[in-house]
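Worksheet for the structure shown next.
Within every chain, numbering begins at 1; the chains are lettered A, B, ... in the order of the sequence lines, protein sequences first and strands thereafter.
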There are 2 protein chains.
Amino acid sequence: MIEHKTHTLADQVFERLETDILSGVYARGEILIEMELCQKLGVSRTPVREALRRLQQEHLVEEYGKGLKVLGVTTEDLQDIMEMRLRLEGFAAARAAERITEEQLQELKETLDLQEFYLGKHDSDHIKGMDSKFHELVYKFSDSVVIYDTLTPLHNKVQRYRQKSVENNSRANLSVKEHRAIYEALAAHDPKAAEAAILEHTKNAKNHIMKG
Amino acid sequence: MIEHKTHTLADQVFERLETDILSGVYARGEILIEMELCQKLGVSRTPVREALRRLQQEHLVEEYGKGLKVLGVTTEDLQDIMEMRLRLEGFAAARAAERITEEQLQELKETLDLQEFYLGKHDSDHIKGMDSKFHELVYKFSDSVVIYDTLTPLHNKVQRYRQKSVENNSRANLSVKEHRAIYEALAAHDPKAAEAAILEHTKNAKNHIMKG
DNA sequence: CTTTGTATGATTGTATACAATTATACTGCA
DNA sequence: TGCAGTATAATTGTATACAATCATACAAAG
């Protein structure tokens, strides 16, 4: 989102751990030991600890006895998340429709095109990646830190959950079409249409996820 | 929200700094120097740094050159926040209506009674405090970490903003009445009524804040 | 065999030392 | 006087040392 040119070690550790937790490298319930992380990542405890504090702040890990336990996403969490996204995604999309620039539209379109490309290749990992990126970009292009900070963690946790479930190809196909509809509305700078399109998309995503 | 019996120094520093930023002790744009904070709080850099990383994670401070700058809440942020709260508070209240226990209702009632008490005394600091606590409790009693984590930072930032504006007594009066309506709906375990009541309250709060 | 107490080890919390970077101020030169 | 360059100081980033706490295992007593 923001230009992180000069990653400090602490930043790198944070991003690595966040990715690993979201992608399931660390299982739900697993206990993290600082020194193990230090050895694995080749840094001292200080940057590891700072990264852990940030993860704790966004409830990806929580205190457990003395150490830290990796938090998973329960089905109940997911229900709450999708309900909240149903209520918020439309707002984000409407804002993006008002504010998105031509350059940003171009970036969004490239993401969309790539997603279609990977769909043709049946490369579900990359499809998922582009799917994620598309939504992140919409949050970003809403040009509101509040929207970005609120929706990104919610979306991340859904990704974390979907890691577990098998990918469904027919849904991937529809999902790309829905993304295209969202893109068209944003390109037309039509807030109402964008809100409607993303609401439809989120509804379908919710139904799909809750079934799986 | 969770029982924090054995506050570590880092936790204490975090809470202190968070409170101080939200209450305006540190002005928007102010640069925080680690050593100054250490001396002021009488601890070493380690707990201070960990606290700062957590504040950074919830965007109460941000990197600025080498150091950290205190972030304020702009009017535009506030518009976004209130718009999102309009969409989310109802969900939180509905959940709370389904799940709240008798004991929790008692706690909520005590908060409400105190707010009325302070209203009689025209003690606007304590009125605000109880107002805040009431909403925090609703988030907490929704018994959903997702709801709590999403709405608490939004609410906190509103408090931060209101710090600047003068308190309006007539609004405080109405606000208590609206809180009572919310409480009644929760006590009746009526999700629809709770959602309607808190939506009304949030709408009014939004109008009041945006005017001020 | 169970339970309790103690000792030992593992792990985290905190402080501090050191390195690297950046801002600042001063000096010399044009 | 103005500017550039360099030296110096301030500040953060990282590593490590030390203290405190907690869990575990083992031994002894009932």
Where the side chain of A:T46 is defined as all heavy atoms beyond and including C-beta, which of C:dG13, D:dT12, D:dT16 is the nearest nucleotide?
D:dT16
B:D149 side, atom CG; A:H59 side, atom NE2 - distance, nearest 0.5 Å:
3.5 Å
Looking only at D:dT11, C:dT11, C:dT14, the nucleotide nearest the B:I33 side chain is D:dT11
Rounded to whole angstrom units, what separation is found between the CD atom of B:E36 and the P atom of D:dA10?
12 Å
With the threshold set at 4.0 Å, does a side-chain nitrogen-carboxylate oxygen contact exist between B:R87 and A:E83?
no
Expressed in angstrom and rounded to an integer, what is the separation of B:E50 atom CD from D:dT12 atom C1'?
16 Å
Would you say a side-chain N or O of A:R49 is under 4.0 Å from OP1 or OP2 of C:dG13?
yes
If you check the B:S44 side chain, which of C:dG13, C:dT14, D:dA15 turns out closest?
C:dT14
Quick one: A:L9 CG to D:dG13 P, roughly how many Å, whole number?
11 Å
Expressed as a whole number of angstroms, how long is the span from A:L52:CG to C:dT11:P?
14 Å
Should the pair B:H179 and B:H201 be assigned to parallel (<30°), tilted (30 to 60°) or perpendicular (>60°) ring geometry?
perpendicular
5' precedence on DNA chain D between A:G42 and B:E34 (nearest-nucleotide basis):
B:E34
Check every strand shown and say whether A:I31 touches a base, only sugar-phosphate, or nothing at a heavy-atom separation below 4.0 Å.
nothing
In terms of side-chain geometry, is the basic nitrogen of B:E116 or B:R180 positioned less than 4.0 Å from the acidic oxygen of its partner?
yes
From C-beta outward on B:P47, which listed nucleotide comes closest to its side chain: D:dA15, C:dT14, D:dT14?
C:dT14
How many Å lie between CG on B:D11 and P on C:dT12, as a whole number?
15 Å
Test: A:R49 and B:E50 ion pair at under 4.0 Å
yes
Round to a whole Å and report the spacing from CG of B:L32 to C1' of D:dT11.
13 Å
What is the distance from CD of B:Q39 to C1' of C:dT16, rounded to the nearest Å?
15 Å
Please give, in whole Å, the distance from C:dA15 C1' to B:R45 CZ?
11 Å
Contact class for B:L68 (heavy atom, under 4.0 Å): base, sugar-phosphate, or nothing?
nothing
